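A quick note: this is a predicted structure, and the numbers were derived from the prediction, not measured. In what follows, every heavy atom counts, from backbone to side chain, and hydrogens, waters and symmetry copies are set aside.
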Amino acid sequence: MKLIGVDVGGTFTDLIITDSDTRQTEIHKVPTTPEDPSIGATEGITELCARSGIEPGAIDHVFHGTTIATNAVLQYDGARTGMITSEGYRDIIHIGRHQRPENYSIMQDIPWQSRPLVRRRHRKTVPERLTPPSGEVLVALDEEAVRRAAREFKAAGVEAIAICFLFSYLEPKHERRAREIVLEEYPEAFVATSARVAPQFREFERFTTAAMNAFIGPKVRTYVQRFDRQLKQAGLTAELHIMGSNGGVATAQTVAELPVVTLLSGPAAGVMGGAWTAALSGRSRLITFDVGGTSADIGIVIDGQYSEATARDTWIGGYPILVAMIDIGTIGAGGGSIAHVDAGGGFKVGPQSAGARPGPACYGFGGEAPTVTDANLALGRLDADNFLGGSMALDESAAEKVIDGLAERLGIERFEAAEGVLTIMNSNMANAIRAKTVQKGIDPRGFSLVAFGGAGPLHGAEVADLLGIPEVVVPPHPGITSAAGLLTTDLKYDQIKTEFQVKGTVDLDKINRDFQAISNELLEQFASDGLAEAEVKQRRYGDLRYVGQGYELRVAIPEGALDDAALEQVWQAFHELHEQEYGHFFSDSPIEIVNIRLTGVGKMPKIAAPPEPIGGSLDSAQVKTATSVFRVDGALQRLETKFYIRAKLPLETAFDGPAVILQKDATTVVPPGWSASLDKGANLILTKG
């Protein structure tokens, strides 16, 4: 089968085409078109098909990673959104919870208050009430009040509406009926219900997630539909699948309805791609390190399994989100990150980025701010004539000019300023990795750092040095690893139901019925995508906690009908996980099953392992020797550095740094004190000492 992966980043759009039968792969990069990312993506696909000699109509599947939803949140650029909620609960999404994001700060920014997803004037309440634990009707839904709200929203120009009732996770019929009424009155509106988006308890988080889905809904739906239409106009008949935050892909139709599932679309693909490529070299304990033009994303993979975020960790742009997500840490650090001196005289790098336009000064698109890429070029760590495989020339004089301007403001010389930019950048990224490892009791020294993205291999070894990580793995095509990760995934959907059952009084019949009910819902979703029940693999989980705790831990639940013996396994697994997470457990404390979960996976065609590299020789691979600047033993030194073409490197032949390895989609820096070799899995392995 012929597969295409296209991942839209802040600076470049990365593309990969592969034939899973012949194992032939070709890559491509084009500048991202910020005004409409689908334009650059479609043009890139057309160019890639042409250079590969493949007719667009012969493509079987297109997999896409997008930042449309994420950017809409981070830039606060969503739709004018309204909310219909239960009487008395108009301000839930403003009040939040009793704990503040930063307990001791009087100057903190609280996004749901300073940048509300739904402004107060667009929050309408209607009489209705269900009662726990069974969701019986206490107050019938006032349908006329819903109609009035819909008409008022239409008159006010509200584009999207979230319907959020208090106990809808127990029984969604009031929300469903309210949605029907709204669409009768205002059929062109985007309407989301909290029971469809996040059917679980915690009303603040559930309401916020539904509001987020509505806030980004029109923009994502328009983008997906436009991209799908452009692909068809370009001659592609393949169905479009979009990467979700949970590490799987979803159909364009599903994403158009539930765009909130794509908030970590691109970063999730990076984790999947990093795990896939490292497995080619037999590595399974990994820190994925994806550095692009605007951000750096960090994920953890242990024995081939990536960690998933819990309810207390799923935040996007400061808003709590209740959807399944890979646990990924993101900071504003990339090749386009701008170095600046703040009002207090502090030397900072990022989070502001030059983006795709104008980009770094050395790109020649009018950029005037010093960036990380400019600093790397000024230090001699990039080849100005061999960027993007020679298809793009870098302007050294422009880079030196903006770095000189920064140096003048700091009162230091050019190389000190440029190296300072990299030191700050590397320290910021190392701290982000510590937050995902050391602060959670994980020793990063027992892991390999998988460095990819356009800028990851430039910084991977120096960041690893700061953390004591002894090895860096650089994938065959590091600049498009996220795009390749799209081709390693399956169709994946999640279902959840809140239970609130305590050990000793568990109603096994109810849990089994509820598992069957959400299984039926899951299978209906897969059936709408054309997959039969036999093609879907389901995995069961429970969110458990000790009674009185505020948050849960996720535990696997055995297949088949639950009985007392199976439940005992679940209790024991929770004790063990609690000890692993917190260092202790309470064997005599009652345990509560808060939620039950199902994850369904439908197999999709995947990228095949690349052929073993043919290999060459160091002499044939070397293209030049030049002077680069590195800090050695605390002092800056100008060192003779060899530049190699990666495609010509010999197999399993180590060579010492300083060295720079060139390829079309990324540049790898091997600092002094490090060595590198190309292995049979087509990965570059950098080792310390």
Side-chain angles (χ1 to χ4, degrees), residues 81-99 112-113 116-150 152-153 158 160-183 191-215 258 260 311-312 314 319-323 495-501 510 514 517-518 521 543 545 550-552 592-596:
T81 304
M83 174 181 282
I84 300 175
T85 189
S86 309
E87 273 190 338
Y89 289 86
R90 180 183 185 183
D91 294 320
I92 281 289
I93 63 169
H94 177 89
I95 297 170
R97 295 195 167 274
H98 67 276
Q99 67 262 47
W112 57 86
Q113 295 178 356
L117 298 170
V118 185
R119 295 189 179 278
R120 195 171 194 272
R121 60 181 173 272
H122 296 317
R123 299 180 214 145
K124 310 291 185 181
T125 65
V126 299
E128 75 82 39
R129 180 59 61 89
L130 304 174
T131 60
S134 58
E136 294 178 357
V137 176
L138 180 65
V139 177
L141 175 66
D142 187 333
E143 296 191 0
E144 187 55 37
V146 176
R147 291 190 187 278
R148 285 196 304 271
E152 290 170 3
F153 285 145
V158 168
I161 300 166
I163 300 173
C164 306
F165 294 151
L166 189 57
F167 291 108
S168 62
Y169 65 88
L170 295 173
E171 171 51 68
K173 62 184 178 183
H174 278 183
E175 285 193 355
R176 288 174 179 167
R177 179 58 185 147
R179 183 177 188 275
E180 291 172 356
I181 294 169
V182 169
L183 289 175
V191 184
T193 65
S194 73
R196 174 72 175 98
V197 177
Q200 55 185 297
F201 89 114
R202 293 193 174 99
E203 60 268 18
F204 168 54
E205 289 84 356
R206 175 163 52 88
F207 286 15
T208 300
T209 304
M212 178 76 76
N213 195 72
F215 181 74
L258 294 172
V260 74
R312 65 181 181 275
T314 48
Y319 302 91
I321 301 297
L322 284 180
V323 293
Q495 288 286 350
I496 184 172
K497 184 170 180 58
T498 295
E499 286 290 325
F500 286 129
Q501 297 208 45
K510 181 179 186 303
D514 289 344
I518 62 176
E521 293 176 13
D543 295 337
R545 65 187 182 187
Y551 288 94
E552 306 81 47
E592 183 176 32
I593 300 175
V594 177
N595 302 309
I596 58 172

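- Within the 4.5 Å cutoff, the side chain of I496 has heavy atoms near those of the D543 side chain.
- One finds the OH atom of Y319 at 12.5 Å from the OG1 atom of T209 (value rounded to the nearest 0.5 Å).
- For Y89 and F207, the gap between ring centers reaches or exceeds 6.0 Å.
- Residues meeting the side-chain contact (heavy atoms from CB on, under 4.5 Å) test with T314, sequence neighbours left out: A309, M325.
- A distance of 9.0 Å separates CD in E180 from CD in E143, rounded to the nearest 0.5 Å.
- Of the possible donor and acceptor atoms, one in the side chain of N213 sits under 3.5 Å from a partner among the backbone N and O of V260.
- With contacts defined as side-chain heavy-atom distances shorter than 4.5 Å, the pair H122/T81 does not qualify.
- The nearest pair of heavy atoms linking H174 to L130 is CE1-CD2, 3.7 Å.
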Applying side chain to side chain donor-acceptor pair (under 3.5 Å), run through S194 and R206 and close with a yes or a no. CA-CA 6 Å; S194 73; R206 175 163 52 88; 2.8 Å; yes
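- Here the closest non-hydrogen pair linking A192 and A210 is CB-O, 4.2 Å.
- When all heavy atoms of I84 and F153 are compared, the closest pair comes out as CG1-CE1, 3.6 Å.
- Ionic pairing of R196 and E175 is not present here: no N-O contact between side-chain nitrogen and carboxylate oxygen is shorter than 4.0 angstrom.
- Taking every heavy atom of both residues into account, N595 and T498 meet most closely at OD1-OG1, 2.8 Å.
- In this structure, the separation between CG on D514 and CD on Q501 is 8.0 Å, given to the nearest 0.5 Å.
- Side-chain N or O atoms of T85 include one that pairs as donor or acceptor with a backbone N or O of C164 at under 3.5 Å.
- Put simply, CH2 on W112 and CD1 on I93 are 11.5 Å apart, with the number rounded to the nearest 0.5 Å.
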Side chain to side chain donor-acceptor pair (under 3.5 Å) between S86 and E128: does it pass, once the steps are laid out? CA-CA 6 Å; S86 309; E128 75 82 39; 2.5 Å; yes
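- Counting heavy atoms from C-beta outward, E205 and R97 have side chains that approach closer than 4.5 Å.
- Within the 4.5 Å cutoff, no side-chain heavy atoms of L170 are placed close to those of F201.
- When all heavy atoms are compared, the tightest approach of R90 to R120 is NH2-O, 2.9 Å.
- Between V137 and K173 the shortest side-chain heavy-atom distance falls below 4.5 Å.
- Proximity of a side-chain donor or acceptor of Q113 to a complementary backbone N or O of H94 within less than 3.5 Å is detected.
- Applying the 6.0 Å contact sphere to CD of E144 captures more than 12 heavy atoms from other residues, nucleotides or ligands.
- Across I518 and Q495, no two heavy atoms sit closer than the pair O-CG, 3.8 Å.
- A heavy-atom distance below 4.5 Å is not found between the side chains of R545 and Y551.
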The test is side-chain contact (heavy atoms from CB on, under 4.5 Å); show your working for R176 and T193 and say whether it passes. CA-CA 7 Å; R176 288 174 179 167; T193 65; 5.9 Å; no
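- The CD atom of E203 lies 7.0 Å from the CZ atom of F167; values are rounded to the nearest 0.5 Å.
- A search for salt bridge (charged side-chain N to carboxylate O under 4.0 Å, His left out) contacts involving R123 returns D91, not counting sequence neighbours.
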